[in-house]
Amino acid sequence: MTKFSDLKLDPKVLKAVAEAGYETPTPIQAGAIPHALEGKDVLGIAQTGTGKTASFTLPMITLLGRGRARARMPRSLVLCPTRELAAQVAENFDIYAKHTKLTKALLIGGVSFGEQDKLIDRGVDVLIATPGRLLDHFERGKLLLTGVQIMVVDEADRMLDMGFIPDIERIFQLTPFTRQTLFFSATMAPEIERITNTFLHAPAKIEVARQATTSETIEQRLIEFTPTRKDQTAKQKRELLRAVITAEGEACTNAILFCNRKTEVDIVAKSLKKYGFNASPIHGDLDQRQRMQTLDGFRDGSIRFLVASDVAARGLDIPAVSHVFNFDVPSHAEDYVHRIGRTGRAGRKGVAVTIATPSDQKYLDAIEKLVERPLPRVAPPEGFALSEAAQKPARKDDDRKPRRGAEKTGRKDRRDRPVKPHGEEAAMTPVEVTKPVEQAAPQVEARDEVKADTRPEKDNRGRGDRKDNRRDHKDDRRGGRDDRVVGMGDHMPDFLTRSFKPKAEKADG
DNA sequence: AAAAAAC
């Protein structure tokens with residue numbers, strides 16, 4: 001069997017690979033690396049979890065090993081669909097390039113331009129970016145792509161889903177015709193096929209077997225649940241969810257809980273926290289600093305439950321998740337496969353529990369068709385019964401009427417927001433714990449008045465809301481162009497300050 | 001009925 005040492009990688013890369021504890025390349029790595037090292041274009045058809053990232057980072061580092069970057073002209077470019085994926089690729093470079101002098105910059109949205117500009121100006125070997133922010137830099141004239149020798153497109157099918165293909169085409173056209181292209185996609189949709197025909201030259205095609213969709217290591221379960229009141233579906237599902245998690249007990253070391261909507265992610269996370277579960281939300285409306293913090297916390301175990309939108313369904317490298325819970329049935333069957341694929345990795349056993357209501361039937365059918373087997377039905381945990389409170393609307397009388405003054409202030413009606421915890425000790429008895437919500441309801445208004453002014457930012461993420469709360473802070477938008485960075489500290493995630501530290505100084509010497 | 005990504 002091929003070993004990494006059999007591949008003609010730079011000894012410095014091999015050293016880093018060995019130090020990271022790897023000996024044997026995965027099929028996509030063994031297939032792609034030799035072609036990439038020969039300078040050929042590569043078309044890799046592979047899912048996440050197949051070792052795709054290293055299959056392009058290792059040869060890139062090797063190929064770039066000689067030569068030096070010039071100001072504003074990166075020598076290579078990696079495009080990723082989401083910020084987290086880009087950050088993850090960047091971390092990979094840190095690991096495998098640690099014995100080299102290569103420099104890199106991570107260009108993603110949600111963080112300030114300043115630091116990114118500085119790195120680009122200095123000259124970087126590797127640019128890792130999401131398409132939007134990359135083009136933004138380009139349009140501001142800060143970046144030239146004419147020096148790109150190697151371009152990587154990661155998760156192209158997802159780029160397609162997200163409408164990035166025009167951006168990708170444009171970026172292709174900004175790079176030299178002579179560049180080497182490494183292109184990865186999980187599927188070959190017609191549009192992807194067209195792109196590869198247009199921009200790849202005689203690529204070596206490496207296809208690795210689709211991960212068994214229902215991997216042997218994932219135990220799938222379906223809990224069919226009929227809410228007693230349609231308007232209380234979400235609330236009742238949350239109660240069921242708590243019962244399911246509790247029933248798993250110690251076996252559930254950590255878990256990702258998927259919801260279909262960002263608002264639902266927030267609600268479920270808050271609700272779980274309220275009941276004493278160590279949970280944090282992650283979705284695209286949270287600011288980048290928070291997204292990274294949450295992900296780091298989840299990786300290092302300080303967060304046990306990650307409540308997520310599909311931003312976390314694919315690609316993110318989150319090792320050793322014991323459970324995946326689908327609070328909502330995903331409306332795209334493929335997402336189901338991606339979601340449950342977050343568990344049962346690397347030979348470990350995993351459990352994926354999906355909660356379905358009758359209205360999910362259509363999606364369920366599609367999922368079972370895709371995975372080519374029925375999902376095993378299981379009963380709700382023994383002894384589970386909906387508390388009375390969960391069957392009643394949150395408030396009785398004026399429940400559907402807008403709150404007084406809500407329209408005038410333009411604020412969203414927040415009555416349905418979960419209320420802060422009132423004593424964790426209630427957490428074990430559903431009937432009891434739901435009471436505080438009702439009791440607390442009258443206080444909500446008062447609390448909201450305070451919150452509206454003191455909450456730092458963000459929370460009010462109604463998109464249609466024309467008022468920009470952050471106007472309050474007009475003074476910390478830097479007044480002039482002086483080079484002091486003011487008020488940016490909050491927006492600088494840790495990972496951006498990590499780079500090839502010892503070498504960065506010498507690079508422009 | 002959605003999520004993601006640029007300000």
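None of these values were measured; they are calculated from a predicted model. Proteins come first, then strands; the chains are lettered A, B, ... in the order of their sequence lines, and each starts at number 1. All heavy atoms count here, side chains included; hydrogens, waters and symmetry mates do not.
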Exercise for the section: Determine, for A/F164 and A/R158, whether the Lys NZ or Arg CZ falls below 6.0 Å from the six-membered ring centre while staying within 45 degrees of the axis. Expected result: no
Tell me whether the NZ or CZ atom of A/R238 lies within the 45° cone about the ring axis of A/F327 and under 6.0 Å from its centre.
no
Per atom distances to the A/D136 side chain, the nearest of B/dA5, B/dA6, B/dA2 is B/dA6
Looking only at B/dA4, B/dC7, B/dA1, the nucleotide nearest the A/Y363 side chain is B/dA1
Atom CG of A/L79 and atom C1' of B/dA6 are separated, to the nearest Å, by 15 Å
**Message:** Taking any heavy-atom pair under 4.0 Å as a contact, classify A/P81: base, sugar-phosphate, or nothing.
**Reply:** sugar-phosphate
| request: Report yes if at least one side-chain N or O of A/T130 is closer than 4.0 Å to OP1 or OP2 of B/dA6; otherwise report no. | output: yes
(message) Less than 4.0 angstrom between a side-chain N/O of A/R291 and OP1 or OP2 of B/dA5, yes or no?
(response) yes
Of B/dA4, B/dA6, B/dA1, the nucleotide closest to the side chain of A/K262 is B/dA4
In whole angstroms, the gap separating P of B/dA6 from NE2 of A/H137 amounts to 10 Å
Between NE2 of A/H338 and C1' of B/dA3 the distance, given in whole Å, is 13 Å
From the candidates B/dA5, B/dA2, B/dA4, the one with an atom nearest any side-chain atom of A/H332 is B/dA2
Separation of B/dA2 atom P from A/D161 atom CG, nearest Å, is 16 Å
Exercise. Is the shortest side-chain N/O distance from A/R158 to OP1 or OP2 of B/dA3 below 4.0 Å?
Worked result: no
Here the distance between atom C1' of B/dA2 and atom OH of A/Y336, to the nearest Å, is 19 Å
*Would you indicate whether A/R221, at its atom CZ, is surrounded by more than 12 heavy atoms from other residues, nucleotides or ligands within a distance under 6.0 Å?*
yes
Rounded to whole Å, the NZ-P distance (A/K362 to B/dA2) equals 13 Å
*Would you say A/D328's side chain and A/N260's backbone share a donor-acceptor pair under 3.5 angstrom?*
yes
Next on the checklist: I want to check one thing: is the phosphate of B/dA4, taken as OP1 and OP2, less than 4.0 Å away from some side-chain N or O of A/S309?
Outcome noted: yes
Whole-Å distance, A/F258 CZ to B/dA2 P, equals 18 Å
query = Can you say whether the rings of A/F172 and A/F199 are parallel (under 30°), tilted (30 to 60°) or perpendicular (over 60°)?
reply = parallel
Separation of B/dA4 atom P from A/L134 atom CG, nearest Å, is 21 Å
